[in-house]
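Working notes, structure below.
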Amino acid sequence: MRSIFCVLALTLIVVSPSGEARVIPDPKQRPAPGNEARQTPIHQANYSPAVNYQLQCLGCHLTNGEGAPRSDIPMMQDFVGNFLKVKGGREFLIRVPGSSQSALSDSQLAELLNWILKDDGIAGGSAPKGFKPYTGKEVEAYRDKMIKDLPGYRLNLIEQIRDLNIDIPENVIP
Ligand code: HEC
């Protein structure tokens, strides 16, 4: 009996169409009616920082920057501005892969970081009062400087923040 099942299973595997065959694009395929225009790349689109956040960051950082510690996404909510208070922290927000490797232009990324850092934004008042806003030029200068030991670099910043007697919520260190 068991061997009949084996033969049946093998036959099904052999005769079923391979997964690959189904993903070959149909060269004659046309866009759905009303959908013919090419999509504008995000770095050329004029979306607001809030929309850019939704499109490029929210999937990991969630709506209010609460993060997902169980998936190693740290909480930014009411905390992320503290990075601006320590050495290496300002550039960290540009160089961290989620920022630096996003599809946003330099000025869009600068605008988005400033939006995150607003007192009534994700940073929730954690940024230093009257901090200098990021500019596209600053983003351009740091963006392609890869952080070699990312966990080590980040931990050092967290320790510097702790040295300022700032409480580090549990979800900031997932
Ligand atoms: C694929 C998931 C993912 C996406 C998408 C993502 N990030 Fe992140 N982000 C992380 C992780 C994980 C960290 C912690 C540092 C690390 O390991 O990269 C982080 C850290 C950060 C930090 C520093 C805060 C901290 O506590 O380390 C900032 C600022 C940040 N991200 C901004 C952004 C922005 C802005 C975007 C969208 C343009 C974005 N991220 C998209 C996963 C992501």
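If you read the sequence from its start, that first residue is 1, and numbering goes on from there.
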Legend entry - Residues in ring pair (Phe, Tyr, Trp, His ring centres under 6.0 Å) contact with Phe131, at least two apart in sequence or another chain: none
Legend entry - Qualifying side-chain hydrogen bond (donor to acceptor under 3.5 Å, both in side chains) pairs, either residue in residues 45-54, two or more places apart: none
Legend entry - Linked, directly or transitively: Val96 and Leu155 (ILVMFWY side chains, under 4.5 Å): no
Legend entry - Pairs where residues 111-123 contributes a residue and the test salt bridge (charged side-chain N to carboxylate O under 4.0 Å, His left out) is met, not counting sequence neighbours: Lys118-Asp120, Asp119-Lys129
Legend entry - Ser107 (side chain) donor-acceptor with Gly136 (main chain) under 3.5 angstrom: no
Legend entry - Inter-residue atom distance Ile116.CD1 - Leu93.CG, 0.5 Å rounding: 8.0 Å
Legend entry - hydrophobic_cluster_shared for Ile73 and Tyr153, side chain cutoff 4.5 Å: no
Legend entry - Listed once per pair and sorted, the salt bridge (charged side-chain N to carboxylate O under 4.0 Å, His left out) pairs that draw on residues 157-170, sequence neighbours left out: none
Inset, instruction - Keeping the roles fixed (side chain from Asp106, backbone from Val139), state whether a donor-acceptor pair exists under 3.5 Å. - result: no
Inset, instruction - Working to the nearest 0.5 Å, report the span between CZ of Phe79 and CG of Asn171. - result: 11.5 Å
Legend entry - Worked check of side chain to side chain contact (heavy atoms under 4.5 Å, CB included) between Ile122 and Trp115: CA-CA 8 Å; Ile122 288 174; Trp115 176 83; 4.3 Å; yes
Legend entry - salt bridge (charged side-chain N to carboxylate O under 4.0 Å, His left out) partners of residues 78-92, not counting sequence neighbours, each pair once: Arg90-Glu138, Glu91-Arg95
Inset, instruction - Compare all side-chain heavy atoms of Val86 with those of Asn156 and state whether any distance is below 4.5 angstrom. - result: no
Legend entry - Side-chain touch Leu112/Cys57, heavy atoms, less than 4.5 angstrom: yes
Legend entry - Closest approach of Ser99 to Leu109 (non-hydrogen atoms, all atoms of both residues): O-CD2, 3.5 Å
Legend entry - Contact summary for Gly81 and Pro128, nearest pair of heavy atoms: O-CD, 3.7 Å
Inset, instruction - For the pair Phe92 and Phe83, name the ring-plane relationship: parallel under 30°, tilted 30 to 60°, perpendicular over 60°. - result: tilted
Inset, instruction - Nearest 0.5 Å please: distance from the CG atom of Asn64 over to the CG atom of Leu62. - result: 9.0 Å
Inset, instruction - Could you name each residue pair satisfying salt bridge (charged side-chain N to carboxylate O under 4.0 Å, His left out) that touches residues 47-71, not counting sequence neighbours? - result: none
Inset, instruction - Please examine the side chains of Gln108 and Ser102, heavy atoms only from C-beta on, and report whether any two atoms are closer than 4.5 Å. - result: no
Legend entry - Nearest-0.5 Å distance that lies between atom NE2 in His61 and atom CE in Met75: 12.5 Å
Inset, instruction - Could you tell me the separation between the CD atom of Gln160 and the CD1 atom of Ile158, rounded to the nearest 0.5 Å? - result: 10.0 Å
Inset, instruction - With rounding to the nearest 0.5 Å, note down the distance linking CD1 in Ile42 to CG in Leu104. - result: 5.0 Å
Inset, instruction - Answer with yes or no whether the hydrophobic clustering places Leu84 together with Ile147; edges join I, L, V, M, F, W, Y residues whose side-chain heavy atoms lie under 4.5 Å apart. - result: yes
Inset, instruction - Please answer: with hydrophobic residues joined when any side-chain heavy atoms are less than 4.5 Å apart, are Tyr134 and Leu157 in the same cluster? - result: yes
Legend entry - Pro151 side chain reached by Asp149 side chain, heavy atoms, under 4.5 Å: yes
Inset, instruction - Check whether more than 12 heavy atoms from other residues, nucleotides or ligands sit under 6.0 Å from atom CD of Gln44, and answer yes or no. - result: yes
